[in-house]
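One structure is given here, and the rest of the page talks about it.
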2 protein chains.
Amino acid sequence: MAVKDSKTEQLIKETAQQVFLKEGRMLATTQDIADAAGVNRTLLHYYFRSRDQLFDTVFVEALTELRSRIHDVIGSQLAFVPKIEALVQAFLEVLVQHPFLETFITLQINQQPERYEELFVQLPGGKERLKTFLKEIEREMELGTIPQMKPIQYFINLFALLAYPHIARPLLQKMFDLSDTAYKKILQERKTVVLALLLHQYKTKDQ
Amino acid sequence: MAVKDSKTEQLIKETAQQVFLKEGRMLATTQDIADAAGVNRTLLHYYFRSRDQLFDTVFVEALTELRSRIHDVIGSQLAFVPKIEALVQAFLEVLVQHPFLETFITLQINQQPERYEELFVQLPGGKERLKTFLKEIEREMELGTIPQMKPIQYFINLFALLAYPHIARPLLQKMFDLSDTAYKKILQERKTVVLALLLHQYKTKDQ
DNA sequence: CTTTTGTTTAACAATTTTGTCAAACAAAAA
DNA sequence: TTTTTGTTTGACAAAATTGTTAAACAAAAG
């Protein structure tokens, strides 16, 4: 009998999540997903009406999580260094779950700007929080904690260093003949590497 | 009359380049491209046989350019610092032309690994050049020119800092309300920002 | 001028993918 | 048990997209 958010519905959503955001198969058809979930294709329509809506549901859910986690940290009362640390932590946690999320954000926001603008960019008070954060970065540069550059460049560096190894994972694994285990290790080390670079704490051997 | 690589063929290819790699519309149909080029859709098939082949032609062409430019620099006899500078320069030049190339590489290499492995990863002597380059990075860390970390992490930093602002352009522009002009300026400044960070030349205000 | 060669077009066919529907089914409620 | 409600299925319809063909066309070569 009926159960709100039935097992099947949940299964389909999780499978779609796997296929889209973990495997990066953005062209997967409804049949592909149904097969992967081991259910009849019609059920995708029964629960999600259309392929588009299923995609959207999965994508928006992941997007919302990422966004809210980032904004929570950015808007928090933490001091600068722990805030950067928390930001790195939060970002990495979401990306480990959905390695292709960043790639999809990139493609989607370019193809349906109006649809996703509200979802990703315009959250209540978002712009203000962001500006405040840039101010904090600027102040930290004044204090000499971090190297001087335009705050937005610092912001870009932060996300670049975190997101890219996930975006380019298949490429890098091939280039350097790295097993899944080996690459995961690199991703784990990444946290310290990125923090050291961002917080200007790196030591060179001599000088 | 017949001209080898006719005007139309060229036009179609350039339009496909524009649509796929500049606008990132990887789902564009043959009709979309024909419309954008202002030609009859049948001509795509006449010149390129299938949609797949057109996509492949455009993608592989860009891929090959990027690959050869990077490997030329990596394999060159330049000293470390000028080599990094040349690498940054080469990479940025290609990315300005094809902002979505990296994103597509990511998706494609994941979906048709065998097809693209030879093309991107396995070029003659590629693996050796790469290893030599990692050794050079390591030696430079010994010398104290750059901060110490696993060479591959340095390599990832390099490409992350360069590629990400192009990949995430639409998102960042929205987030910070930046005009095309403003963003281009940021991309231009990027060269110095990245080099300073990679070569550890950044100055903090006080300390 | 007419032939040849290559280009462009519209009409059509094939395929792939999505979406709908009515009937079969299962389990709880009446 | 019968009814009701929600689930699952297969068959079918619709749409979107790709690919083919034959005929019209244009320009140079003979």
Side-chain angles (χ1 to χ4, degrees), chain A residues 1-61 100 104 107-108 110-112 115-116, chain B residues 1-61 100 104 107-108 110-112 115-116:
Chain A
M1 232 294 281
V3 183
K4 199 168 49 174
D5 257 42
S6 76
K7 281 254 168 86
T8 309
E9 182 173 359
Q10 194 58 22
L11 171 64
I12 291 172
K13 196 160 83 181
E14 277 165 15
T15 306
Q17 221 169 72
Q18 167 77 26
V19 170
F20 289 137
L21 295 177
K22 276 198 162 66
E23 299 172 13
R25 297 169 45 206
M26 88 173 314
L27 303 180
T29 65
T30 52
Q31 189 65 63
D32 291 336
I33 293 166
D35 288 351
V39 303
N40 189 296
R41 188 176 63 83
T42 313
L43 289 175
L44 303 205
H45 290 98
Y46 179 69
Y47 287 109
F48 298 93
R49 192 158 195 94
S50 71
R51 196 210 106 114
D52 263 20
Q53 277 202 37
L54 174 57
F55 179 91
D56 204 74
T57 302
V58 167
F59 182 60
V60 166
E61 207 166 87
F100 280 89
F104 278 29
L107 288 168
Q108 287 298 110
N110 209 249
Q111 263 138 74
Q112 307 186 33
R115 169 78 185 84
Y116 293 108
Chain B
M1 234 290 287
V3 184
K4 199 169 46 175
D5 259 43
S6 74
K7 282 254 166 85
T8 309
E9 182 174 358
Q10 193 58 22
L11 171 65
I12 291 172
K13 196 160 82 182
E14 278 165 14
T15 307
Q17 223 168 72
Q18 166 76 27
V19 170
F20 288 136
L21 297 177
K22 278 198 159 66
E23 297 171 16
R25 298 168 47 203
M26 88 173 315
L27 304 181
T29 66
T30 52
Q31 190 65 63
D32 291 336
I33 294 166
D35 288 352
V39 304
N40 188 295
R41 188 177 63 83
T42 313
L43 289 175
L44 304 204
H45 291 98
Y46 178 70
Y47 287 111
F48 298 93
R49 191 156 199 96
S50 71
R51 196 211 107 113
D52 264 19
Q53 277 202 36
L54 174 57
F55 180 90
D56 205 75
T57 302
V58 167
F59 182 60
V60 167
E61 205 166 89
F100 281 89
F104 277 31
L107 288 168
Q108 287 296 110
N110 208 246
Q111 265 139 73
Q112 309 185 29
R115 169 78 184 85
Y116 293 108

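Throughout, a chain's letter reflects where its sequence line sits, starting with A, and its residues are numbered from 1.
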Legend entry - d(CG, B:Leu54; C1', D:dG19) in whole Å: 14 Å
Inset, instruction - Provide, to the nearest angstrom, the distance between the CG atom belonging to A:Asp32 and the P atom belonging to C:dT18. - result: 8 Å
Legend entry - Distance in angstrom units between A:His45 NE2 and C:dA22 P, rounded: 17 Å
Inset, instruction - Determine: side-chain N/O of A:Thr30 to OP1/OP2 of C:dT18, distance under 4.0 Å, yes or no. - result: yes
Inset, instruction - Starting at atom CG of B:Asp35, determine the distance to atom P of D:dT17, rounded to an integer number of angstrom. - result: 12 Å
Inset, instruction - Could you tell me the separation between the CG atom of B:Leu43 and the P atom of C:dT7, rounded to a whole number of Å? - result: 10 Å
Inset, instruction - Scan B:Phe100, B:Phe104, B:Phe59 and name whichever one has a side-chain contact (heavy atoms from CB on, under 4.5 Å) with B:Phe20. - result: B:Phe104
Inset, instruction - Please evaluate the base of D:dG10 for a donor-acceptor partner in the side chain of A:Arg41 within a cut-off of under 3.5 Å? - result: no
Inset, instruction - Please work out if B:Thr42 contacts a base, only the sugar-phosphate, or nothing of the nucleic acid, heavy-atom cut-off 4.0 Å. - result: base
Legend entry - Shortest non-hydrogen contact between B:His45 and B:Ser50, atoms and distance: CD2-CA, 4.1 Å
Inset, instruction - Please determine which of A:Val58, A:Asp56, A:Leu54 meets the side-chain contact (heavy atoms from CB on, under 4.5 Å) test together with A:Phe48. - result: A:Leu54
Legend entry - Nucleotide D:dT8, atom C1' - distance to CG of A:Asn40 in whole Å: 7 Å
Inset, instruction - First locate atom CD of B:Gln17, then atom CD of B:Gln10, and finally report the distance between them rounded to the nearest 0.5 Å. - result: 8.5 Å
Inset, instruction - Output yes when at least one side-chain N/O atom of B:Tyr47 is less than 4.0 Å from OP1 or OP2 of C:dT8, else no. - result: yes
Inset, instruction - Classify the nucleic acid contact of B:Phe48 as base, sugar-phosphate or nothing, counting any heavy atom under 4.0 Å across all strands shown. - result: nothing
Legend entry - Distance test, side-chain N/O of A:Thr8 to OP1/OP2 of D:dT8, below 4.0 Å: yes
Inset, instruction - Could you check how far CG of B:Leu44 sits from C1' of C:dT7, rounded to whole Å? - result: 14 Å
Legend entry - Protein-nucleotide distance (A:Arg51, atom CZ; D:dT17, atom P), rounded to Å: 12 Å
Legend entry - Atom CZ of B:Arg115: over 12 foreign heavy atoms under 6.0 Å: yes
